[in-house]
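Let me begin by presenting the structure, written as C-alpha cells, before commenting on it.
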Amino acid sequence: MLDTAGERVPFPGQDRPPEPPWKRAGRRTLDVARRPYWERSDESWLIRRWPDLTATAVATVFFWLSLTPSLVPRPWALQGVIGGITAAIGYGIGALLSWVVPFLVRWRPDEETRRRVRAHAWQVYWVLSLGLTVFLLGESARMQRELRKLQELPPTLTWHSMMIALLAAALCWVLLLIARLIRLGTRWLIQLLLRFVPRPVAVTAGLLTSGMVVTFGAKDVVFERGIVDVASHIASNTDQSTKDGIVQSGSPFVSGSPQSLISWSELGYQGRNFTGSVLSRQQISAFTQRPSLDPIRVYAGRAAADGYAEQTALAMAELERTRAFDREVLAVAGTTGSGWIDARTAEPLEYLYNGDTAIVAIQYSYLPSWVSFVVDREEAGRATQTLVDAVRERLAEIPESERPKFVIFGESMGATAVEDAFDGIDDLLASTDGALLVGPPNYSPVWSDVTRNRDPGSPVWRPEYEEGRHVRFAQYPQRDLYRPEGTWEFPRVVYLQNASDPIVWWSPDLALRPPEWLEEPVGPDVTDELSWFPFVTFWQTTVDMSMSYGVGAPHGHRYGTNAVEGWAAVLPPDGWTQSDTLRLKAFAEAHESPY
C-alpha cells in the first residue's frame, strides 16, 4: 500500500518497520535541543526536579570566578573543591534571586510563551557555558603557571581541566542534594504540624526547628564532635610522642633534662622538639669562633601543671634554677596551637649572643593552629600574658643596669599570643627591648593597630608606621628593613610579612568587602590578575591557608632564614656588622631545621 507521496505504508493492523537507530537518535537529539531541560510531570515532586535556570547560571559564573588565581599556587584537585563549594554558594544566591525577582517584576506570560522563553534561555546557557568553561579552564592553567614563576616555583603545572570540572560539578551536586533533603524534611515537618496548628504557626515552627537541627548538627555534631574530636584525638596522641631523631638533652640549662623541674614526658611533642634540639656551646663556638655558653631553653608543657598560673610558676622556677636572669638576653616566645616554636627563629638569637641567652615558653594547647583558632583562640593570649606579666614583674626587681635585655618573638598564632600580652604598640615598646613577629594572623591586635594607622601612601603589605622610627616590615629583609630612610631608633619591632601569605590576610570580611591588599600596587609576589569577588575570594584565601607551606621562602607562609636579618636588626650585639649577618644567613641556609 502506497501513500499519496508514493511511499509504502503498512496496511491497517500491520506493524510499521522499525526506525533506524541513527534516525531515532537524531530525533531525540533534536527534541533535546528544542527543549534542553527536563520538566517534572507532577508538581508534588520536591527532590527530582530540573535545576533552576537562574540559580544554575549564577552557580556557573561563580565556578568561573573560582578559576581566577589567588595568593599561592594550588593543585588541580584543590581547585576542583574550591570550584564545587563556590558554585554551590552561587546556586544558593541564584535561587534566592529567582524567588525574589517574580515579586518585583510583574511580567506574567501565558504558558506557551513561558515555555518558549525558558527553552531559548536554556539553549543560550548551554552554548555559552560550555564554550566559556573550556576557555576559562585554559586561562586558569596559564595564570597558575605565571603565579608559580612569580613565586620561584617550576613553571610546569599539570592542570587536569576535565577533572577540575567534573570534581566541581560532583561536589556542587552533593551539596545541593543535601540542601534539597533539608528542604524536603522541612516541608514534611510543616505538613505534619498543619494537622494540629494554623498555617502561620506551622510554617514558623517548622522553619525554626529545621534551622536549629541543621545548626546543631553542623556545629555540634559534625564539626565539634566529629572533625574537632578527631583532630583532638590525633593531636593528643601526637603530643605524647617524640619526633624521630630528637632525644632528651643532657644540658642542665633546658627543661626536660635530668636536672630539670619539668620531666621529659611533661613537655609535650613540640616541647621535646624545642628542648631536645638545643644548640650546644661547641656548636655555637664552631660558628662564632669565640667562647660560648650553653643556651637556656625553658618550656612548660600542658601536662606539667594544671592551669596557666601553675605552668607559669613552674616556668619561672625553671628560669631561677638555670639563672636565666643573669643572661644577656631573655626572650619570651609565643607558641602556635600545638605548642610549636620555630627553631629557625630561636637559633639565630642564640648564635648572635654566643649562647648567652634564655628562651621561655608555655604550651596552651596541643591542637593544630586551625582548630585552636576555632575553639580556644583566646587561650593563647591568656596563657602568654600570664607568662609575660610574671617575667616583667621579676625583671622589675632587678636593678636596671643588671637586667637582661628582654625581647619577645612568635610566628603565626605565636605572634598573636605575645601581642595579646600588651595593650598596644606603645606598651610593647615601653616594656621590651624589641620584638620579632613573623607572619602574624590578621586578627593580631598590635599588628592590626599599626597597619590601620600606617603612614599615608604606604601599602598594607609593606606599611610604614611613624616613618619607621621603631617599627618596620619586611619580606626581603636586606632591602625592606632599610626603608624608609629615616632614623631607626631602639627599641625596634620587626614584622616579617610576605605579601602572598594568606594567613596574614585571611579575614571573614573577605566574603563581602574588597581587601586593601588587592589595591594597586599589589605585593611583589602577588599576581596583578588577582581580583576580589564576593564569597569567592574568601573561599580561595581560606583554602590558600592550607597550601601556604607549599611554596619556598619568602612566599606564602614560609619565612626561611629571614629571622637572621630580623634579630640582627632588632637586637644587634656590640660590634655586630652586616658581614656577620650575611655569614650567619649563609650558615643557616646551609643547615636544615632540626624539626
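None of these values were measured; they are calculated from a predicted model.
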Pairs under 3.5 angstrom only: tabulate donor-acceptor contacts from the side chains of residues 62-76 to other protein residues two or more places apart or in another chain.
unit_1: Trp64; atom_1: NE1; unit_2: Thr133; atom_2: OG1; d: 2.9
unit_1: Ser66; atom_1: OG; unit_2: Phe63; atom_2: O; d: 2.6
unit_1: Thr68; atom_1: OG1; unit_2: Leu65; atom_2: O; d: 2.6
unit_1: Thr68; atom_1: OG1; unit_2: Gln540; atom_2: NE2; d: 3.4
unit_1: Ser70; atom_1: OG; unit_2: Arg74; atom_2: NH1; d: 2.5
unit_1: Ser70; atom_1: OG; unit_2: Asp544; atom_2: OD1; d: 3.0
unit_1: Ser70; atom_1: OG; unit_2: Asp544; atom_2: OD2; d: 2.8
unit_1: Arg74; atom_1: NE; unit_2: Gln79; atom_2: OE1; d: 2.6
unit_1: Arg74; atom_1: NH2; unit_2: Ser66; atom_2: O; d: 3.1
unit_1: Arg74; atom_1: NH2; unit_2: Thr68; atom_2: O; d: 2.8
unit_1: Arg74; atom_1: NH2; unit_2: Gln79; atom_2: OE1; d: 2.8

- [ ] Tell me, please, which residues at least two apart from Arg344 pass salt bridge (Lys or Arg N to Asp or Glu O under 4.0 Å).
- [x] none
Task: CA sep, side-chain torsions, deciding dist, call: Glu411, Trp340, side-chain hydrogen bond (donor to acceptor under 3.5 Å, both in side chains) - done: CA-CA 9 Å; Glu411 180 169 337; Trp340 177 74; over 6 Å; no
- [ ] Under the side chain to side chain donor-acceptor pair (under 3.5 Å) rule, collect the residues that match up with Tyr476, sequence neighbours excluded.
- [x] none
Task: Partners meeting side chain to side chain donor-acceptor pair (under 3.5 Å) with Asp509 (sequence neighbours left out) - done: Arg513
- [ ] Could you walk me through whether Tyr125 and Thr60 pass the side-chain hydrogen bond (donor to acceptor under 3.5 Å, both in side chains) test, one step at a time?
- [x] CA-CA 10 Å; Tyr125 167 79; Thr60 304; 2.7 Å; yes
Task: Pro554 versus Gln475, closest heavy-atom pair with distance - done: O-NE2, 2.8 Å
- [ ] List for me each residue that meets side chain to side chain donor-acceptor pair (under 3.5 Å) alongside Thr561, sequence neighbours excluded, and say none if there are none.
- [x] Lys585, Glu589
Open item on the list: If you compare all heavy atoms of Ala474 against all heavy atoms of Pro477, which two are closest, and at what distance to 0.1 Å?
Closed with: CB-CA, 3.9 Å
- [ ] Spell out, as yes or no, whether a donor-acceptor pair under 3.5 Å connects the side chain of Arg472 to the backbone of Pro484.
- [x] yes
Open item on the list: Which residues pass the ring-ring contact (aromatic ring centres under 6.0 Å, His included) test with His557, not counting sequence neighbours?
Closed with: Tyr549, Tyr559
Open item on the list: For Asp480, is there an ion pair with Arg462 - N to carboxylate O distance below 4.0 angstrom?
Closed with: yes
- [ ] Could you pull out all residues at least two apart from Pro521 that satisfy side chain to side chain contact (heavy atoms under 4.5 Å, CB included)?
- [x] Trp461
Open item on the list: Tell me the closest heavy-atom pair linking Ser98 and Thr54, and the distance in Å.
Closed with: CB-CB, 4.0 Å
Task: With sequence neighbours excluded, residues passing side chain to side chain contact (heavy atoms under 4.5 Å, CB included) with Leu518 - done: Pro515, Leu530, Trp532
TODO: Mark yes when over 12 heavy atoms from residues, nucleotides or ligands other than Arg199 sit less than 6.0 Å from its CZ; otherwise mark no.
DONE: no
- [ ] Just do the side-chain contact (heavy atoms from CB on, under 4.5 Å) check on Trp447 and Gln497 with the steps written out, would you?
- [x] CA-CA 11 Å; Trp447 177 90; Gln497 172 179 300; 2.6 Å; yes
Task: Partner set under ring-ring contact (aromatic ring centres under 6.0 Å, His included) for Phe533, not counting sequence neighbours - done: none
Open item on the list: According to salt bridge (charged side-chain N to carboxylate O under 4.0 Å, His left out), does anything in residues 522-539 pair up with another residue at least two apart or in another chain? List the pairs.
Closed with: Arg142-Glu529
TODO: Enumerate the residue pairs fulfilling salt bridge (charged side-chain N to carboxylate O under 4.0 Å, His left out) with a member in residues 83-105, sequence neighbours excluded, ordered by first and then second residue.
DONE: none
Open item on the list: Going by the rule salt bridge (Lys or Arg N to Asp or Glu O under 4.0 Å), which residues pair with Glu152 if we only count those two or more places apart in sequence or in a different chain?
Closed with: none
